[in-house]
Amino acid sequence: MEQTYILIIAVISLMSIQCDSSPLDDLVIDRYSIPTHCPREVQTGDYVRYDFNGTLPDGKKFESSHDKGKPFVGQVGLGSVVITGLDRGVLGMCVNERRKLTIPPHLAYGVLGAGTTIPPDTTLTFDILLLDVWNMDDKVQTRTLSKPQDCKRTVVPTDFVRYHYNGTLLNGTLFDSSHPRGKTYDTYIGQGYLIKGMDVGLLGMCVGERRSVLIPPFLAYEDKGYNTLIPPYASLMFDVLLVDMFNANDTVEVKAQYVPESCTRKSAVGDYIRYHYNGTLQDGTPFDNSYKRNSTYNTYIGMGFVIMGMDKALQGMCMGERSRITIPPHMAYGETGLEGMIPGSAVLIFDIHVMDFHNPNDTVEIKVTHKPEVCNITTDVHDLIQYRYNCSLMDGELLYSSDNYDLPPRTTLGSGKIIQGLDQGLQGMCEGEKREVIVPPHLGHGEDGAAEVPRSAVLKFELELLELQKGVPDGYLFVWLGDSPDPLFPAMDLNQDQEVPLEEFSTFIRAQIADGKGRLRPGIDGEVVIKDMFSNQDRNKDGKITPEELKLKSDEESPNHDEL
């Protein structure tokens, strides 16, 4: 008997039939339009919502949900709301299925009919389109359509989410979508800002996940519907793409991806930092990057010159470090965002590369990498030196090298011909000594940079002192290295004729240099220097110096130097 019943139901569901063996067999079901996809069929106890047209045998319409402007809504299988034939006729239906039900009188209004509308013993025909089906035991149903491989955090109550969605009725009618507006729906979860079913349906989602959420009417807009878009008692289907999420308790997160082995110093409040970055939203949408401008972002740390989250994240970093920084909106651009670039309430992700940092109080850092065993003479201000160098940024990018020129550079220390930090780094060196010298920008090329040197860049020099010639102070051509002869003129007047011509003067000066008693200004031809010295003493320009003309420079200007 049970097998026979199952067979009858199966045959009814596949074709139009009419049986005379029992009252039930008189119901004729014509399933003339069946959807390809049918996840659920109407069962006894379900609630349904359907449109219908009811006609008499002569084709005259006696009732229609279309004329009433609202579908029929009721529970199936109880027989308390509709006629028996209609109650049974919707069993097994799918949403979007169309059926034609031919209902004999004994399953309709019988021998009594229904007022003046339906005569006694009338067979009725109903054309039905099923719009919705649900049960009071239904829960929110979710189905993951796509999900990122990396999902370390999912939505929980009290999170704030931003998502795109398409909202449809079960029959596929679109009632709303965020995509045409180009703006996500932004809200807190579990705080009553959403319909109950959506509050549940979003839980457990990852950023970048796409899922479908099916919500029964009693967890949606119930018997009220929503404006003209959502009818009463409508199940809702949402296709959701989670774009962003955060919690009000979130703070900035820094994940180091590369840290140099040698990190002797970390950034701190008050430092000035240069870094490159790629900025994206949580769904990977880029909003800005420094690389396309070919310029680092430069700022002070911990002083409010950048968004709060970045200000905090930049502290404690190493030069050369690469890190991913995740900043919640309350530590970034908040609910308003940044017009044309960053949406409101957006979590920001920065992949940064720290190029260098310094403090305005930094001095030149010197590291001796090689020093000769014998080091009796070292460089000082006024000395003329020849040196070799490589100049690079702190990330190792080579900017300049003396190896690219025919001859190594020469300079006089303290003359202002090279940057201050390099000048300091070259002082105190022996011939043959090698050093690594770190020069902060305020002792280098400053905020403006120079040629290949970026603005506010810390520079690293590899130095080797090749040659050292001790110098003389500015404004001097010759200095005594000890006490000068006293009296000076008789020592200078080699033939004791009370006159010293240029030749005799030159012979005297060169003898002092040879004996290590005096030193000429280096870097200038000696003959030229001696002629200038002679000219300075030959006050009447008669080609000879007399006792009356000869004066020490110390007598004329300063007691600190003995120079002709």
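The chain is numbered in sequence order, starting from 1.
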Spell out, as yes or no, whether a donor-acceptor pair under 3.5 Å connects the side chain of Asp383 to the backbone of Gly471. yes
Just by modelled atom types, is the Leu426 backbone N or O under 3.5 Å from a matching donor or acceptor in the Thr379 side chain? yes
Is the closest basic N to carboxylate O distance between Asp532 and Arg521 below 4.0 Å? no
Would you say the ring centroid of Phe175 lies under 6.0 angstrom from that of Phe238? yes
Checking side-chain polar atoms at under 3.5 Å, does Asp159 have a donor or acceptor matched by the opposite partner on Asn247? yes
May I ask you to decide whether Lys266 forms a salt bridge with Glu321, counting only side-chain N to carboxylate O separations under 4.0 Å? no
Is the ring pair Tyr163/Tyr185 parallel, tilted or perpendicular, if the boundaries are 30 and 60 degrees? tilted
Is it the case that the side chain of Ser177 and the backbone of His179 share a donor-acceptor pair, with hydrogens and angles ignored and the cut-off at 3.5 Å? yes
Assess, by modelled atom type and distance only, whether the side chains of Tyr47 and Asp132 contain a donor and an acceptor separated by less than 3.5 Å. no
Check for me whether the distance between the ring centres of His276 and His353 falls short of 6.0 Å. no
Show every salt bridge (Lys or Arg N to Asp or Glu O under 4.0 Å) that has at least one partner inside residues 392-404, sequence neighbours left out. Arg388-Asp403
For residues 140-149, which residue pairs pass the side-chain hydrogen bond (donor to acceptor under 3.5 Å, both in side chains) check, not counting sequence neighbours? Thr144-Glu209
Hey, can you tell me if Tyr272 and His358 have their rings parallel, tilted or perpendicular (30° and 60° cut-offs)? tilted
Donor-acceptor pair, side chain of Arg435 and main chain of Gly425, under 3.5 angstrom: yes
Taking the six-membered ring where the residue is Trp, are the ring centres of Phe287 and Phe350 under 6.0 Å apart? yes
Asp356/Lys460 ion pair, N-O < 4.0 Å: no
Which of parallel (below 30°), tilted (30 to 60°) and perpendicular (above 60°) describes Tyr389 and Tyr387? tilted
